Engineer: 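Before I ask anything, let me first share the structure, which is written out below as structure tokens.
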Amino acid sequence: MDVSIVIPVYNERENIPLLYAQLDRVLAELDRSCEVVIVDDGSTDDSFARLRELAQFDPRLKVVRFRRNFGQTAAMQAGIHYASGDVIVTMDGDLQNDPQDIQMMLAKIDEGFDLVHGWRKDRQDPWLNRRLPSLLANRLISWVTGFPIHDLGCTLKAVRREVARELELYGEMHRFIPILAHARGARCAEVVTRHHARQFGRTKYGISRTTRVILDLMTVKYILTYSASPMKLFGAVGLCCVLLSGVAGLGTLGMKLLDAVDMTGNPLLLLTVFAMLAAIQFFSLGLLGEVNARIYYGSRDKQHYAVRELLNFPGEAEDLAVLPSRRAA
Ligand code: UDP
Ligand code: MG
């Protein structure tokens, strides 16, 4: 299988037949073997019934139905899990992304990129509650992670399967896919994509999404920079606390000896004790983090490196490059 199109869908009954018709047209022109993996994220309307009808007549259409609504990120992860294409294209199921862009994105992958992400330059969403927060969030994320990006919220992406499979998505993490993939060494490219206003159904998100994205940003930053060595972060803060405690302690003593200031009445003594306690807390957090990193990388066949190619290894190079656990499966 050359290409899998992965689409999370939640209560998109009117959009499904139109989406299918658009995809059908685009895939016919692609000249590659394709499948469409639609993940029904616990729809409460008759989205699934419509998908079942379509799937009856088209074996290319594969449907994964969740028991309940698990969220777009989970749906995306499931879609990637069940996809068998060499390249995985993700897109929204609400006709806001345009399947006509798929060809162009695949051509970009053929140029040698591992991940191609879209930029909805001419985005058709309300300005105040959607585009403005998104603009600010993108700027902030770009600045914090050092990854140049205009539009993290664009679901339309093409990713090589081996890169997609390594992603660990939870929370609202699907927004950070290009950044997570880049951290694993993927070559990323941004392309301008079309965007349409929503015609049917309603958006599943509001302004509250912004806070969740900001919280996820902290997690992503931590994972990118410190997950393999948490002591570097917590230890450094702990050392600062020790220093602060030492200075405050010496100050207390000095004031007692030189100016006969009563130690118990001196707020600096409080600072000494408090900073020392904080230091102990931070060192403990660092140690716990280190143990966690060992458990994470040790027991689950996770590597903190990623192999692009192997030469002169027996067996299929690609087979060896994937994680041992997956090779066995
Ligand atoms: N979606 C989903 N599960 C959810 C919320 C959304 O599968 O819990 C799907 C939704 O059906 C759509 C895509 O994710 O195909 C993007 O959602 P939406 O259009 O509401 O987001 P927006 O474009 O407004 O950012
Ligand atoms: Mg949408």
Side-chain angles (χ1 to χ4, degrees), residues 4-23 36-51 54 61-83 88-99 101-102 117-138 141 149-157 167 169-178 193-214 216:
S4 300
I5 320 273
V6 167
I7 310 176
V9 151
Y10 178 49
N11 291 346
E12 307 281 2
R13 60 187 300 278
E14 297 95 340
N15 290 316
I16 286 169
L18 297 168
L19 175 71
Y20 175 78
Q22 284 189 8
L23 278 172
V36 179
V37 180
I38 296 192
V39 182
D40 173 18
D41 185 11
S43 295
T44 47
D45 62 3
D46 63 348
S47 292
F48 180 73
R50 298 199 165 194
L51 289 170
L54 293 169
L61 176 60
K62 292 162 187 170
V63 183
V64 180
R65 184 186 193 184
F66 277 179
R67 289 199 191 138
R68 66 163 172 85
N69 179 244
F70 282 93
Q72 197 181 344
T73 302
M76 198 83 92
Q77 178 95 54
I80 292 170
H81 176 81
Y82 285 100
I88 294 174
V89 176
T90 59
M91 60 183 284
D92 279 349
D94 57 358
L95 304 176
Q96 290 201 270
N97 295 135
D98 196 322
D101 287 325
I102 293 175
H117 49 97
W119 172 17
R120 299 164 293 178
K121 203 171 181 178
D122 185 20
R123 185 169 167 185
Q124 306 293 322
D125 275 326
W127 190 81
L128 190 62
N129 63 345
R130 304 304 300 274
R131 274 160 54 198
L132 180 67
S134 155
L135 181 83
L136 297 178
N138 279 310
I141 292 169
I149 194 159
H150 289 101
D151 185 11
L152 271 174
C154 181
T155 317
L156 188 56
K157 296 186 188 79
L167 299 169
L169 307 176
Y170 49 85
E172 305 272 311
M173 270 330 159
H174 71 273
R175 283 167 212 296
F176 295 93
I177 287 177
T193 54
R194 286 168 252 226
H195 193 245
H196 306 294
R198 215 184 223 282
Q199 292 169 31
F200 306 102
R202 5 195 324 246
T203 172
K204 313 298 180 295
Y205 302 102
I207 190 88
S208 67
R209 164 162 77 185
T210 321
T211 41
R212 283 178 284 157
V213 170
I214 300 295
D216 273 345

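Counting starts at 1 for both ligands and their atoms, following the listed order. Residues take their numbers from the sequence shown, with the count starting at 1. Since this is a predicted model, take the numbers as computed values, not measurements.
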Engineer: Can you name the ring-ring contact (aromatic ring centres under 6.0 Å, His included) partners of Tyr10, sequence neighbours left out?
Structural biologist: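 ring-ring contact (aromatic ring centres under 6.0 Å, His included) check on Tyr10 returns nothing, list empty.
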Engineer: Does the pair Glu12/Arg50 count as a salt bridge with the N-to-O cut at 4.0 Å?
Structural biologist: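 Salt bridge absent between Glu12 and Arg50.
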Engineer: Got the residues with a heavy atom under 4.0 Å of ligand 1, by chain and number?
Structural biologist: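 Its neighbours under 4.0 Å (heavy atoms only) are Pro8, Val9, Tyr10, Glu12, Asp41, Asn69, Gly71, Gln72, Asp92, Gly93, Asp94, Gln96, Arg130, Arg198, Thr203, Lys204, Tyr205, Arg209, given by chain and number.
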Engineer: Can you name the residues that form a salt bridge (Lys or Arg N to Asp or Glu O under 4.0 Å) with Arg209, not counting sequence neighbours?
Structural biologist: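 Residues passing salt bridge (Lys or Arg N to Asp or Glu O under 4.0 Å) with Arg209: none at all.
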Engineer: Can we say Asp46 and Arg13 salt-bridge, meaning some charged N sits less than 4.0 Å from an Asp/Glu carboxylate O?
Structural biologist: yes
Engineer: So, does Thr203 use its side chain to make a donor-acceptor pair with the main chain of Tyr205 at under 3.5 Å?
Structural biologist: yes
Engineer: Just do the side chain to side chain contact (heavy atoms under 4.5 Å, CB included) check on Arg175 and Val213 with the steps written out, would you?
Structural biologist: CA-CA 8 Å; Arg175 283 167 212 296; Val213 170; 3.6 Å; yes
Engineer: Looking at Glu172, is its backbone amide N or carbonyl O close enough to the side chain of Asp216 to form a donor-acceptor pair, meaning the two atoms are under 3.5 Å apart?
Structural biologist: yes
Engineer: Please report the interatomic distance CZ(Arg120) to CG(Asp98), rounded to the nearest 0.5 Å.
Structural biologist: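 It comes to 13.5 Å.
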Engineer: Roughly how far, to the nearest 0.5 Å, is the CG atom of Asn15 from the CG atom of Leu95?
Structural biologist: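 It is 4.0 Å, given to the nearest 0.5 Å.
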Engineer: Sorted by chain and residue number, which protein N/O/S atoms are under 2.8 Å from the Mg ion (ligand 2)?
Structural biologist: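 As for protein N, O or S atoms lying under 2.8 Å from the Mg ion (ligand 2), they are Asp94 OD2, Gln96 OE1.
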